[in-house]
Novice: 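To start, I am sharing the structure in question, which I have written as structure tokens.
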There are 2 protein chains.
Amino acid sequence: MRLTTKGRYAVTAMLDLAFHSQIKPVTLTDIAARQTISLSYLEQLFARLRRAGMVKGVRGPGGGYKLCRKTSDINIADIIAAVNEPLDSTKCGGEANCQKDQACLTHDLWMGLSEQIKDYLKSISLADLLEKNQVQEVAIRQHHDAQQTIEIYRHQD
Amino acid sequence: MRLTTKGRYAVTAMLDLAFHSQIKPVTLTDIAARQTISLSYLEQLFARLRRAGMVKGVRGPGGGYKLCRKTSDINIADIIAAVNEPLDSTKCGGEANCQKDQACLTHDLWMGLSEQIKDYLKSISLADLLEKNQVQEVAIRQHHDAQQTIEIYRHQD
DNA sequence: ATAATAGTTGACTATTTTGCTGGGTTAAGT
DNA sequence: ACTTAACCCAGCAAAATAGTCAACTATTAT
């Protein structure tokens, strides 16, 4: 589980999509403008997200992208994993000599931690983040943004 | 909170250090050999860890590095933060126009998630990982490595 | 004192990843 | 037909990562 700006872009874009794709598909051009991410970079990210079965592209006028699943069924770990390379990270692979090695002992510790982080991120869904935001919005800002969030939240259900 | 191989190296090295620095300081040369990390790269990482007040260098023969605090008082988030650049990640900084922007709304969501991850990693200490390993070791392997772990665990207290 | 050990520093290089530009092709709506 | 947008791809500049090299300083053992 790697956590870089690339993953952040992906999650940000997916959040934006979740916000706006309730009625009709959202174009990458729109997301690019709102989130100030270059269109071509978004295309790369969404190509991976599509291959991972998280979003669906709709071609032609009025087209764009929409989510394949409910926001509550899309977790953060999957989004990040989708845009990153598989990441072996083992360095010792399945080598036999590694069993009794001190190095691999420490390696196991890291792997364990990595799994913990992954599980943690798997437990957080897009819906969780959106909901959390809704609460924050209503509490802190109370203007049209909040209203919009509530609208979306209703559609989501 | 960024999570890359750099952070992994740092955590791995700190784990190695926690394992071996109970009686006497551990040289970076040893860690480099065990964990197959280049010595000079370790030097860079430990320079940062030292500046962060997590490890202490002991010069002269028999010298090396040792932990400044108990393993239970050293958390993963701090280790990773120590070796990484400060990471602004804002892109909107504290700009005024960002308040009512849709982009910044999504940005806030990410920041919230980032904080969650950070808090999570803050809640995990070196001792936690070592202890977890000890349990695993006893359960699965039951050889000298496990014995060694128990020894260290006693010294730690 | 002196040699050996080991940390400290800085500059320098190679590789990888990142983020982006710009060119296209293909499918769908008008 | 024409537009719109997804889709695809080759390449490229900047940054981060990972590692090297060399000189230097502080400490300790003899």
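Source: prediction; values computed, not measured. Each chain gets a letter, A, B and so on, in the order its sequence line appears, and its residues count up from 1.
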Novice: Answer with base, sugar-phosphate or nothing: what part of the nucleic acid does T4(B) contact at a heavy-atom distance below 4.0 Å?
Specialist: sugar-phosphate

Novice: If only side-chain N and O atoms of Y41(B) are considered, is one of them under 4.0 Å from the OP1 or OP2 phosphate oxygen of dG19(D)?
Specialist: no

Novice: Please report, rounded to the nearest Å, how far the P atom of dG19(C) is from the CG atom of L45(A).
Specialist: 8 Å

Novice: Using only heavy-atom distances, determine whether the side chains of Y120(A) and Q116(B) contain a donor-acceptor pair under 3.5 Å.
Specialist: yes

Novice: In whole angstrom, give the distance that lies between atom CD of Q35(A) and atom C1' of dC20(C).
Specialist: 17 Å

Novice: On DNA chain C, check which nucleotide each of G60(A) and K6(A) is closest to and give me the residue with the more 5' one.
Specialist: K6(A)

Novice: R2(B) has a side chain; which of dG19(C), dT17(D), dG19(D) sits nearest to it?
Specialist: dT17(D)

Novice: Expressed in angstrom and rounded to an integer, what is the separation of E43(B) atom CD from dA22(D) atom P?
Specialist: 14 Å

Novice: Does S40(A) place a side-chain N or O at less than 4.0 Å from the phosphate oxygens OP1/OP2 of dG22(C)?
Specialist: no

Novice: Side chain of P61(B) only, please: which of dT3(D), dG19(D), dA29(D) is the nearest?
Specialist: dA29(D)

Novice: Using a 4.0 Å heavy-atom cut-off across all strands, classify L28(A) as base, sugar-phosphate, or nothing.
Specialist: sugar-phosphate

Novice: Check the distance between dT8(C)'s C1' and L39(B)'s CG and give it to me in whole angstrom.
Specialist: 12 Å

Novice: Rounded to the Å, how far apart are L42(B) CG and dT20(D) P?
Specialist: 11 Å

Novice: Does dC7(D) have OP1 or OP2 sitting under 4.0 Å from an N or O in the side chain of Y65(A)?
Specialist: yes

Novice: Measure the distance from OH on Y9(A) to P on dT17(C) and round it to the nearest whole Å.
Specialist: 18 Å

Novice: Taking the nucleotide of DNA chain D with the closest heavy atom to each, which residue, S38(B) or G63(A), is nearer the 5' end?
Specialist: G63(A)

Novice: Rounded to the Å, how far apart are R59(A) CZ and dA27(C) P?
Specialist: 6 Å

Novice: Is there a chain of hydrophobic side chains (I, L, V, M, F, W, Y, each step under 4.5 Å between heavy atoms) that links V58(A) to L17(A)?
Specialist: no

Novice: Using whole Å, what does the distance between atom P of nucleotide dC8(D) and atom CZ of R51(A) come to?
Specialist: 7 Å

Novice: On the 0 to 90° scale, with breaks at 30° and 60°, tag the Y9(A)-Y41(A) ring pair as parallel, tilted or perpendicular.
Specialist: perpendicular

Novice: Transitively linked via ILVMFWY side-chain contacts under 4.5 Å: I37(A) with W110(B)?
Specialist: yes

Novice: Examine the base of dG19(C) for any acceptor or donor lying under 3.5 Å from a partner atom in the side chain of Q44(A), and report the outcome as yes or no.
Specialist: no

Novice: Within the structure, does a side-chain N or O atom of R50(B) lie under 4.0 Å from either OP1 or OP2 of dG7(C)?
Specialist: no

Novice: What pair of heavy atoms forms the shortest contact from R48(A) to A82(A), and how long is it?
Specialist: CB-O, 3.5 Å

